[in-house]
2 protein chains.
Amino acid sequence: MAGQAANERKRFAPDERRQMIVDEAAAFFSEVGLEGTTRELSQRLGVTQSLLYAYFASKADLLEAVFERVYLDRLSPDWPVLIADRSLPVRERAKRFYREYTGAIFTYEWMRIFMFSGLAGAELNRRYLGHLAKLMLEPLCAEMQRAAGAKGGPQMEDIWNLHGGIVYIGIRKFVYCVPTPDDFAPPVEAAVDRFCDSFGLE
Amino acid sequence: MAGQAANERKRFAPDERRQMIVDEAAAFFSEVGLEGTTRELSQRLGVTQSLLYAYFASKADLLEAVFERVYLDRLSPDWPVLIADRSLPVRERAKRFYREYTGAIFTYEWMRIFMFSGLAGAELNRRYLGHLAKLMLEPLCAEMQRAAGAKGGPQMEDIWNLHGGIVYIGIRKFVYCVPTPDDFAPPVEAAVDRFCDSFGLE
DNA sequence: GCTCTTATTGATCAAATGATCTATTATGAC
DNA sequence: GTCATAATAGATCATTTGATCAATAAGAGC
């Protein structure tokens with residue numbers, strides 16, 4: 001059961017092989033944590049451990065590549081446009097944004113790698129949250145304030161509360177591994193609805 | 001700078017020493033993660049690594065003791081009583097509960113150990129969440145439904161949304177290490193208020 | 001002050017792990 | 001088919017790490 005037909009040496013172009021490694025590494029480290037061993041990863045790739053070091057100078061180097069792959073392009077450039085689109089009620093914009101946003105990040109890999117790296121104190125996490133706030137949440141907050149007018153809309157801390165309530169669904173599912181609704185859309189929309197209701201937003 | 005006056009051997013009663021170890025272990029593992037080494041822990045205790053094995057059969061055994069110490073008695077028996085106390089409006093009950101609950105769990109140690117062990121798949125986490133739901137959240141949900149009457153109160157998934165929005169404050173602070181309000185009470189109360197408002201609860 | 005119990009130390013083992021280096025061989029170019 | 005390039009394997013090193021055990025000495029009781 002140890003090494004079956006493992007001696008079939010297959011040769012790949014460097015770019016292709018590199019991507020194979022990063023892909024599998026993302027899946028692997030999201031499962032077992034950032035301290036997963038290079039040996040176990042190489043086994044899952046059907047490849048020698050030493051091969052990893054032909055593509056990455058160190059394990060930290062490989063992890064950095066994983067972070068980049070996982071974080072990169074998760075924040076769609078369409079979302080700031082959507083949030084600023086005043087032809088739609090803010091409520092509808094918020095719903096669409098969070099439907100798409102949760103669709104993008106509610107995956108086993110993303111949720112867990114984000115948590116693992118957050119706990120490890122990765123600077124990348126704070127940078128990501130900073131971008132998210134600046135590009136999506138602060139504009140959303142401003143749009144809601146504008147729509148609320150004299151009634152006084154939400155402050156950023158309120159927006160973070162909305163955000164947290166929604167993201168927590170993913171945490172329950174992928175970090176705590178407890179049952180959640182199969183379809184995320186209904187609870188997400190309900191959360192946005194309640195939030196808008198409480199601020200009297202259209 | 002290595003070992004100063006480290007050869008001062010101090011003797012403690014077993015119970016006392018055991019508690020010293022568990023206390024320091026909780027602080028240690030919450031910082032560096034569950035893969036922190038027994039050697040580094042023993043250094044912080046000013047004690048030999050082998051001493052740890054005089055009190056715990058294995059590292060897993062020590063970790064279990066840490067989990068127990070961190071989780072035990074976090075859920076106050078007063079809370080179910082508070083939640084069921086119909087001499088107060090549900091809104092007020094919910095506020096008090098979450099003020100006290102966040103006061104109990106919003107610590108560096110608790111938040112991070114809970115995350116670390118959650119990611120590690122610890123059964124203890126799911127059991128804790130099960131207890132929390134059964135003893136606090138489900139009764140709270142029922143009380144809110146009762147108070148809402150014909151208007152139709154929240155479902156459990158709504159309660160989880162309220163809960164998540166509040167807990168997320170602690171996650172931001174202790175896991176992601178990003179700025180949060182110094183005083184948790186205002187955002188917590190605001191979240192409960194919005195939630196109750198949206199369900200038309202007194 | 002002496003003795004006895006046992007909390008604690010120091011040395012050590014075996015396995016695991018990140019990393020390196022040379023030998024091998026698959027693949028494309030001609 | 002032959003050759004040269006370089007992708008890959010295999011062996012190996014130096015640390016790290018969980019765990020064990022005999023030796024030591026701190027502190028209580030007499």
Side-chain angles (χ1 to χ4, degrees), chain A residues 1-26 28-67 116-117 120 122, chain B residues 1-26 28-67 116-117 120 122:
Chain A
M1 194 183 285
Q4 33 195 31
N7 49 353
E8 294 172 21
R9 179 187 283 191
K10 186 68 197 300
R11 213 177 145 107
F12 290 93
D15 288 350
E16 193 180 352
R17 177 63 92 182
R18 188 189 161 90
Q19 182 152 339
M20 290 169 65
I21 293 176
V22 176
D23 284 354
E24 188 65 38
F28 174 64
F29 288 120
S30 69
E31 280 179 32
V32 306
L34 272 30
E35 304 80 11
T37 69
T38 55
R39 276 179 173 79
E40 194 178 341
L41 171 59
S42 69
Q43 275 182 16
R44 288 175 53 151
L45 279 159
V47 134
T48 337
Q49 180 235 7
S50 60
L51 183 64
L52 302 179
Y53 288 87
Y55 290 88
F56 301 93
S58 66
K59 186 185 167 184
D61 206 46
L62 169 57
L63 276 175
E64 206 171 317
V66 170
F67 290 166
F116 277 124
S117 58
Chain B
M1 194 183 287
Q4 33 197 29
N7 49 352
E8 293 174 23
R9 180 188 285 193
K10 186 67 196 298
R11 219 175 140 104
F12 289 94
D15 288 350
E16 195 180 351
R17 178 65 92 183
R18 187 188 162 93
Q19 183 154 335
M20 289 170 64
I21 294 175
V22 176
D23 285 354
E24 188 65 39
F28 173 64
F29 289 120
S30 69
E31 281 178 33
V32 306
L34 272 29
E35 303 80 12
T37 68
T38 55
R39 277 179 173 76
E40 195 178 341
L41 170 60
S42 69
Q43 275 182 16
R44 287 175 53 151
L45 279 160
V47 135
T48 335
Q49 180 235 8
S50 59
L51 183 64
L52 301 178
Y53 288 87
Y55 290 88
F56 301 93
S58 66
K59 184 186 169 184
D61 205 47
L62 169 57
L63 277 175
E64 205 172 318
V66 170
F67 290 165
F116 277 124
S117 57

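Heavy-atom basis, side chains included; hydrogens, waters and symmetry copies ignored. Letters A, B, ... are given to chains in the order of the sequence lines, protein chains preceding strands, and every chain is numbered from 1.
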Worksheet item: Any sub-3.5 Å donor-acceptor pair from A:Lys59's side-chain atoms to A:Leu34's backbone N or O?
Response: yes
Worksheet, complete the sentence: In whole angstroms, the gap separating P of C:dT8 from CD of B:Gln43 amounts to 18 Å
Worksheet item: Looking across every strand, which nucleic acid part, if any, lies under 4.0 Å from A:Tyr55 by heavy atom: base, sugar-phosphate, or nothing?
Response: sugar-phosphate
Worksheet item: Do side-chain atoms of B:Thr48 reach the backbone of B:Leu51 as a donor and acceptor pair under 3.5 angstrom?
Response: no
Worksheet entry | side chain to side chain contact (heavy atoms under 4.5 Å, CB included) partners for B:Gln49, two or more places apart | B:Thr38, B:Arg39, B:Ser42, B:Tyr53
Worksheet entry | Length of the CD-P vector between B:Glu16 and D:dG27, whole Å | 12 Å
Practice prompt. For nucleotides 17-23 of chain D, just jot down a letter per nucleotide in 5' to 3' order: B, S or -, based on protein non-hydrogen atoms under 4.0 Å.
Written response: BBBBB--
Worksheet item: Between atom CZ in B:Phe12 and atom C1' in D:dA25, what is the gap in whole Å?
Response: 15 Å
Item to complete: Return the value, rounded to whole Å, for the distance between atom CD1 of B:Ile21 and atom C1' of C:dT9.
Response: 14 Å
Worksheet item: Can you check the B:Asp15 CG to C:dA7 P distance for me, whole Å?
Response: 10 Å
Worksheet item: Would you say D:dA6 has OP1 or OP2 under 4.0 Å from some side-chain N or O of A:Arg11?
Response: no
Discussion item. Using whole Å, what does the distance between atom C1' of nucleotide C:dT24 and atom CG of A:Leu51 come to?
Written reply: 14 Å
Discussion item. For B:Glu24, I'd like to know if atom CD has over 12 heavy atoms of other residues, nucleotides or ligands within 6.0 Å.
Written reply: yes
Worksheet item: What is the distance, rounded to the nearest whole Å, between atom CG of A:Leu52 and atom C1' of D:dA7?
Response: 13 Å
Item to complete: To the nearest Å, give me how far apart CG (B:Leu45) and P (C:dT8) are.
Response: 11 Å
